[in-house]
Amino acid sequence: MADAYDVVVIGSGPGGYVCAIKAAQLGLKTAVVEKRETFGGTCLNIGCIPSKALLHASELFEEAGHDFASLGIKVNKPKLDLKAMMGHKDKTVEANVNGVAFLFKKNKIDSFIGTGRIAAPGKVDVTNGSGETQTIEAKNIVIATGSDSAALPGIDIDEKTVVTSTGALELNSVPEKMIVVGAGVIGLEMGSVWRRLGSEVTVVEFLDRVLPGMDGDVGKQFQRMLTKQGMTFKLSSKVTGVNKEGNRLKVSVEPANGGETDTLEADIVLVAIGRKPYTDGLGLAEAGVALDDKGRVKTDAHFKTNVDGIYAIGDVIAGPMLAHKAEDEGMAIAEILAGDVGHVNYNVIPNVVYTYPEVASVGKTEEELKEAGVEYVVGKFPFMANGRARAMLHTDGFVKILADKKTDRVLGGHIVGFGAGDMIHEIAVLMEFGGSSEDLGRTCHAHPTLSEAVREAGLATFAKPIHM
Ligand code: FAD
Ligand code: NAI
């Protein structure tokens with residue numbers, strides 16, 4: 001039996017590894033159990049990091065092929081070396097997962113590679129690849145086992161031709177035709193990668209819009225932009241079957257509410273219809289840990305489950321399935337376990353789609369404010385009217401600020417545009433401090449920057465923009 005720990009974390013994704021590091025920094029004796037050979041979870045191994053490596057490389061590939069000439073740069077048509085691009089992605093993943101291993105050592109965190117199962121409160125059995133089991137004792141257990149891709153009933157995923165995001169990150173040739181099921185974040189990010197590299201991409205979405213959950217204005221404009229880039233959308237539609245005929249796939253698509261079936265052809269079908277919490281093999285039922293109606297581990301506001309000494313964070317509990325949400329919960333629970341105050345402000349969690357242009361949001365959408373009966377004012381500013389955006393040929397998109405009509409407090413910010421994922425954070429900081437659109441509009445912004453568009457949207461909310 002290994003030494004007793006103050007905390008053992010099951011899962012080393014952004015929730016688990018951040019929790020472990022913070023706990024160790026706060027003086028807790030900490031261990032991590034991870035069933036993958038490498039640390040970093042979905043995010044570092046098969047999620048955020050590899051997808052962003054491919055998004056960046058494919059964006060430059062497209063830019064070199066289309067936009068350089070307008071900037072006075074003559075180059076021959078760029079040639080794709082997919083193997084080298086995948087190599088860049090793999091090296092990026094390797095550096096990141098090794099970074100987590102280094103941080104575990106640096107912070108004197110013990111790690112156990114194997115599947116963790118809660119044998120009882122305070123006891124975790126770890127079974128390694130050879131089937132050997134050892135028991136770790138800990139005062140506290142933190143479940144950070146993340147999530148897995150949701151399956152489409154009746155459709156077999158082989159990760160070769162019918163793939164989830166994991167297979168879509170590993171294709172060894174550019175498919176001629178790709179059908180993406182689901183116009184959410186994964187569908188639009190991975191669909192963008194393969195369209196830029198040469199695929200004809202059709203996105204089939206159940207709802208009548210892309211990116212549900214994002215502001216409606218943003219969704220509409222963004223769909224137009226992606227369509228202009230060459231992506232095809234079949235909204236209010238569902239995929240009901242995929243049949244293999246030789247090396248082609250015949251995909252049956254029906255209107256969402258039923259009706260005539262259309263058959264589309266594809267080389268690759270990417271199923272991206274959401275993710276589900278991952279609790280397989282954890283022994284939760286035997287340990288008496290309650291789940292909610294969506295199969296997520298049920299916790300209170302302090303991440304505690306219904307069983308004393310057992311906590312949960314990240315994708316496996318309620319809330320947005322985002323790496324930074326998991327990280328913040330990891331820090332908060334470590335602080336709570338160390339006797340400090342740990343807290344996550346769920347009203348200010350940025351959300352970024354890393355396409356071209358990027359889409360970023362924080363706080364409420366217009367639809368949410370309407371539904372809650374909150375009176376609000378809107379300020380908008382287009383990148384077309386921003387000098388730096390014109391100089392860079394990145395004029396697509398806009399910034400939109402939503403503020404309370406009476407108090408002017410900023411309730412939401414939405415940006416579609418180049419660099420949106422970085423710019424969103426000034427709105428997030430503003431909201432953390434309870435700032436108003438006037439605070440934003442009166443803050444001096446360096447010229448010429450894309451961020452001036454954020455300031456102008458602030459001005460447009462409480463007064464008038466200058467450059468429009
Ligand atoms: P995970 O990262 O899923 O980690 C859980 C870990 O637990 C895994 O390593 C798993 O092997 C391990 N585990 C599970 N069960 C056991 C067990 N019984 N014993 C031992 N170990 C176990 N989010 C963003 O914020 N930005 C992005 O750009 C982004 N891009 C994404 C792209 C893709 C393609 C995907 C799929 C996801 C993306 N996400 C992104 C979501 C992000 O990856 C998740 O929100 C995040 O990884 C959740 O962290 P977590 O720590 O809760 O769980
Ligand atoms: P998602 O929830 O973002 O989108 C799924 C889409 O599929 C929705 O639009 C939904 O209406 C649609 N859908 C559901 N069932 C369908 C069906 N049968 N037929 C057609 N459409 C259907 O889920 P996605 O894209 O799989 O991503 C999962 C999660 O991973 C995201 O919610 C996000 O939390 C995380 N993620 C975050 C990223 C980021 O922050 N940039 C990038 C990738 C993933």
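Counting begins at 1 with the first residue of the sequence. Both ligands and their constituent atoms are indexed starting at 1 by order of listing.
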Margin query: What I want to know is whether Asp315 and ligand 1 share at least one N or O pair that is separated by under 3.5 angstrom.
Written below: yes
Check: Where does Ile10 meet ligand 1, judged by heavy-atom distances below 4.0 Å: at the side chain, the backbone, both, or neither?
Finding: side chain
Next item on the list: State whether the shortest distance between N or O atoms of Ile186 and N or O atoms of ligand 1 falls below 3.5 angstrom.
Entry: no
Check: Is there any N or O on Lys52 that sits under 3.5 Å from an N or O of ligand 1?
Finding: yes
Notebook entry, point to check: Is the shortest distance from a heavy atom of Gly281 to ligand 1 less than 4.0 Å?
Noted result: no
Next item on the list: May I ask whether Ile46 has any heavy atom positioned less than 4.0 angstrom from an atom of ligand 1?
Entry: yes
Checklist line | Heavy atom of the protein closest to atom 18 (N) of ligand 1 (residue, atom name, distance) | finding: Gly116 O, 3.0 Å
Checklist line | Closest protein heavy atom (residue, atom, distance) for atom 7 (O) of ligand 1 | finding: Gly11 CA, 3.2 Å
Note to self: Just to be sure I read this right, does ligand 1 sit under 4.0 Å from the backbone of Pro50, its side chain, both, or neither, counting only heavy atoms?
What the structure shows: neither
Next item on the list: Look at atom 5 (C) of ligand 2 and find which of Ala272, Ser147, Ser149 reaches it with the closest heavy atom.
Entry: Ala272
Margin query: Please list the nearest protein heavy atom to atom 18 (N) of ligand 2 with its residue and the distance rounded to 0.1 Å.
Written below: Leu152 CD1, 3.3 Å
Check: Where is the nearest protein heavy atom to atom 38 (C) of ligand 1: which residue, which atom, and how far?
Finding: Cys48 N, 4.0 Å
Note to self: Under 3.5 Å between any N/O of Thr115 and any N/O of ligand 1: does that happen in this structure?
What the structure shows: no
Check: Is the closest heavy-atom distance from Arg275 to ligand 1 below 4.0 Å?
Finding: yes
Margin query: Test of understanding: given a 4.0 Å heavy-atom threshold, classify the contact between Ile186 and ligand 2 as side chain, backbone, both, or neither.
Written below: both
Next item on the list: Can you pull out the closest protein heavy atom to atom 41 (C) of ligand 1? Residue, atom name and distance to 0.1 Å, please.
Entry: Met321 O, 3.6 Å
Next item on the list: Could you see which bit of Lys325 sits under 4.0 Å from ligand 1, with heavy atoms only: side chain, backbone, both or neither?
Entry: neither
Checklist line | Closest approach of any protein heavy atom to atom 20 (C) of ligand 1, naming residue and atom | finding: Lys35 N, 3.4 Å
Item checked: Heteroatom distance test (Tyr278, ligand 1): nitrogen or oxygen, under 3.5 angstrom -> no
Check: Which residue supplies the protein heavy atom nearest to atom 37 (C) of ligand 1, what is that atom called, and how far is it?
Finding: Gly47 CA, 4.1 Å
Check: Are Lys22 and Glu327 close enough for a salt bridge, meaning some N to O gap below 4.0 Å?
Finding: no
Note to self: Tell me whether ligand 1 is touched by Gly330 - counting only heavy atoms on the residue side and a distance under 4.0 Å.
What the structure shows: no
Notebook entry, point to check: Which part of Cys43 is near ligand 1, with near meaning a heavy atom under 4.0 Å away: side chain, backbone, both or neither?
Noted result: both
Notebook entry, point to check: Do other residues, nucleotides or ligands put more than 12 heavy atoms under 6.0 Å from the NE2 atom of His66?
Noted result: no
Margin query: Please confirm whether Arg117 approaches ligand 1 to less than 4.0 Å, judged on its heavy atoms.
Written below: no
Note to self: Side chain or backbone, does Ile313 bring an N or O within less than 3.5 Å of an N or O on ligand 1?
What the structure shows: no
Margin query: Is it the case that the ring center of Phe104 lies less than 6.0 angstrom away from the ring center of Phe39?
Written below: yes
Note to self: Quick check for you: to the nearest 0.5 Å, what is the distance between Met86 atom CE and Asn172 atom CG?
What the structure shows: 8.0 Å
Note to self: Measuring from atom 24 (P) of ligand 2, which candidate in Pro153, Gly274, Gly184 has the nearest non-hydrogen atom?
What the structure shows: Gly274
Next item on the list: State the atoms of ligand 1, each with its element, that fall below the 4.0 Å cut-off from a heavy-atom position in Leu322.
Entry: 23 (N), 25 (O), 45 (O)
Notebook entry, point to check: More than 12 foreign heavy atoms under 6.0 Å from NZ of Lys160: is that the case here?
Noted result: no
Notebook entry, point to check: So which heavy atom in the protein is nearest atom 15 (N) of ligand 1, and how far is it from that ligand atom?
Noted result: Thr145 CG2, 3.3 Å
Notebook entry, point to check: Is Asn345 atom CG crowded by more than 12 heavy atoms from other residues, nucleotides or ligands, each under 6.0 Å away?
Noted result: yes
Next item on the list: In plain terms, say whether Lys139 and Asp6 are close enough for a salt bridge, that is, a side-chain N and a carboxylate O under 4.0 Å apart.
Entry: yes
Check: How does Tyr354 reach ligand 1, if at all, at less than 4.0 Å between non-hydrogen atoms: by side chain, backbone, both, or neither?
Finding: side chain
Notebook entry, point to check: Which atoms from ligand 2 have a heavy atom of Gly182 less than 4.0 Å away?
Noted result: 6 (C), 7 (O), 12 (C), 21 (N)
Next item on the list: Determine whether the side chains of His394 and Tyr356 contain a donor N or O and an acceptor N or O closer than 3.5 Å.
Entry: yes
Next item on the list: Using a 4.0 Å heavy-atom threshold (strictly under), name the region of Ala323 that reaches ligand 1: side chain, backbone, both or neither.
Entry: both
Check: Is it the side chain (CB and beyond), the backbone, both or neither of Leu211 that lies under 4.0 Å from ligand 2, heavy atoms counted?
Finding: neither
Next item on the list: With heavy atoms of Pro212 as the reference, note each atom of ligand 2 found under 4.0 Å away.
Entry: 8 (C), 9 (O)
Check: Any idea which protein heavy atom is nearest atom 11 (O) of ligand 1, and the distance to it?
Finding: Glu34 OE2, 2.6 Å
